[in-house]
2 protein chains.
Amino acid sequence: MMRTITKHKIIIVDDHQLFSQSLQLLINSFKDFEVINRFENGKVFISHLQDNPDLEVDLILLDVNMPVLDGISTMKWVKENNPNLKVIALSVNDDEEIIIKMITNGAKGYLLKDTSPEIFKEAMISVIDKGFYFTESVSGILVKKANNDSKKINLKEKEILFIQYACTEKTYKEIASEMCLSPKTIDGYRESLFDKLEIKTRIGLVLYAIKHKIVLV
Amino acid sequence: MMRTITKHKIIIVDDHQLFSQSLQLLINSFKDFEVINRFENGKVFISHLQDNPDLEVDLILLDVNMPVLDGISTMKWVKENNPNLKVIALSVNDDEEIIIKMITNGAKGYLLKDTSPEIFKEAMISVIDKGFYFTESVSGILVKKANNDSKKINLKEKEILFIQYACTEKTYKEIASEMCLSPKTIDGYRESLFDKLEIKTRIGLVLYAIKHKIVLV
DNA sequence: ACAAAAAAGGGTGTTTTCCCCCTTGTTCTT
DNA sequence: AAGAACAAGGGGGAAAACACCCTTTTTTGT
């Protein structure tokens with residue numbers, strides 16, 4: 001006689017149909033797991049949650065890069081409205097900023113899509129049982145952020161404006177006149193920024209500005 | 001009695017194990033297809049081809065974004081050494097440049113990973129039978145490229161290298177010594193680039209480089 | 001084979017950038 | 001009320017960036 005086992009109920013949210021349908025096959029091939037639903041973006045997933053407030057689900061696999069409503073926005077909604085949901089973020093990129101955003105919004109795990117099925121299964125079990133699963137590299141990023149958070153640089157309005165001008169082909173003299181300041185004041189801005197940002201040239205300032213999205217390209 | 005059918009032999013090259021193993025399950029669920037091999041990057045795939053010159057394979061599914069040896073480099077090798085291989089490029093992004101590079105290097109199809117399994121199967125059949133499969137949007141990009149090709153700026157290897165150095169805090173003198181050229185030659189590079197790219201300062205060069213992804217930030 | 005580009009290097013001079021040290025006033029603390 | 005912190009401005013000088021015009025050598029097209 002066969003005993004009926006209650007399988008863990010999984011929902012996949014991913015816009016890549018090829019991946020999402022394939023992943024469903026993989027998960028269903030695991031004894032204790034079954035995919036009960038798939039959604040192609042955060043919006044339809046959230047709609048489904050709203051329509052089914054008593055939905056039983058053990059784990060959400062949430063893609064980070066999606067059209068319509070991406071992983072981060074979806075995670076924010078989950079944090080606000082359904083914080084008990086267990087979510088593992090799935091992504092192809094290991095951008096620190098994104099990892100941090102997903103985790104601070106309540107993701108219980110962050111896996112790259114090049115994870116092996118074994119690790120993947122382990123992560124699912126860990127999140128369902130222990131409540132979280134983080135690889136060493138993700139933990140490392142979290143520690144690093146914690147350290148860096150203390151010595152954070154905050155720029156004033158005028159500095160931001162100056163940086164934006166510096167990211168053009170104008171000379172400092174031209175910038176000064178556009179900002180209605182003396183060239184010598186601009187000189188001061190530059191030196192104080194070089195010091196603060198640990199750079200040595202205007203090129204460094206441009207690179208910093210782009211990296212930190214002070215100017216967009 | 002069951003008749004033995006020769007299935008189409010497929011190879012998957014993709015670094016995302018989760019995707020690649022799952023996709024194998026999906027393909028094997030199609031009657032006429034079977035995955036005979038999976039590789040995690042272009043390098044190991046090429047090694048396998050070299051070790052098995054008489055390998056019978058009907059179709060390669062090649063991921064574009066991979067570590068070690070990416071899709072484009074792998075495609076280049078295939079074009080040089082094994083041009084009869086039928087390859088469908090798989091990618092998450094629809095960057096025109098990349099699509100063009102893959103196709104000019106001989107890819108017979110280009111599919112986004114959010115394709116439905118039905119279209120995916122149709123594409124596989126089309127490439128095996130007719131030799132190609134392109135969606136309308138990909139065809140559109142090819143037409144557009146044909147038109148734009150006339151007024152294209154093409155940079156030489158050394159210029160690219162110089163631009164990359166210019167996007168650092170090094171001085172031209174330092175760049176010259178790192179590139180083993182006289183500072184005066186670097187001077188020439190700069191002036192010719194300023195002219196070609198219609199810019200006036202090194203800042204403009206940095207912005208151009210970032211916009212055109214010559215350097216990454 | 002020969003002209004035409006292109007690549008490499010040079011000279012000289014101007015402008016811009018960068019650096020260090022300085023003054024004056026204001027605001028905020030303690 | 002003294003001191004700290006900051007915003008605005010300044011002088012002078014060295015180094016880097018930029019401009020313009022030049023020669024020599026190598027590559028390339030036909």
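Throughout, a chain's letter reflects where its sequence line sits, starting with A, and its residues are numbered from 1. Worth knowing before you read on, the calculation uses all heavy atoms, side chains too, and leaves out hydrogens, waters and symmetry mates.
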Using a cutoff of under 3.5 Å, can you pull out all pairs of nitrogen or oxygen atoms linking the protein to nucleotides 14-16 of chain C, with atom names and distances?
from	atom 1	to	atom 2	distance (Å)
C:dT16	OP2	A:Lys173	NZ	3.4

note = Here the distance between atom P of D:dT27 and atom NZ of B:Lys158, to the nearest Å, is 11 Å

message = Please check this pair: side chain of B:Arg202 against backbone of B:Ala166, looking for a donor-acceptor N/O pair closer than 3.5 Å.
response = yes

query = Once you round it to whole Å, what is the distance between P of D:dA7 and CE of A:Met179?
reply = 12 Å

task = Using only heavy-atom distances, determine whether the side chains of A:Ser116 and B:Gln17 contain a donor-acceptor pair under 3.5 Å.
result = no

task = Give, ordered by number, those residues of residues 180-193 of chain A having at least one heavy-atom distance below 4.0 Å to an atom of DNA chain D; if nothing qualifies, reply none.
result = A:Leu181, A:Ser182, A:Lys184, A:Thr185, A:Tyr189

Length of the line joining B:Leu197:CG and D:dC18:P, which is rounded to integer Å = 13 Å

message = How about NZ on B:Lys9, more than 12 heavy atoms from neighbouring residues, nucleotides or ligands closer than 6.0 Å, or not?
response = yes

inquiry  = Just the rounded figure in Å: distance from P of C:dA8 to CZ of B:Phe162.
reply    = 13 Å

task = May I have all residue pairs that pass side-chain hydrogen bond (donor to acceptor under 3.5 Å, both in side chains) and include part of residues 61-76 of chain A, sequence neighbours excluded?
result = A:Asp63-A:Lys113, A:Asp70-A:Ser73

note = To the nearest angstrom, the CD-C1' distance between A:Glu159 and D:dA7 comes to 11 Å

message = Tell me if a side-chain donor or acceptor on A:Thr104 pairs with a main-chain N or O of A:Ile100 at a distance below 3.5 Å.
response = yes

request  = Let me know the distance between CD of B:Glu198 and C1' of D:dC18, rounded to the nearest Å.
outcome  = 18 Å

key: Minimum-distance pair of heavy atoms, taken over all atoms of A:Leu62 and A:Gly71   = CD2-O, 3.7 Å

task = Report the relative orientation of the aromatic rings in A:Tyr189 and A:Phe162; use parallel for angles under 30°, tilted for 30 to 60°, perpendicular for over 60°.
result = perpendicular

Spacing of B:Ile199 atom CD1 relative to D:dC18 atom C1', expressed in whole Å = 12 Å

ask   = Does B:Lys86 NZ have over 12 foreign heavy atoms under 6.0 Å away?
value = yes

request  = Check for a donor-acceptor pair, side chain of B:Ser91 on one end and backbone N or O of B:Leu112 on the other, with a separation under 3.5 Å.
outcome  = no

task = Using whole Å, report how far NZ of B:Lys200 lies from C1' of C:dT17.
result = 17 Å

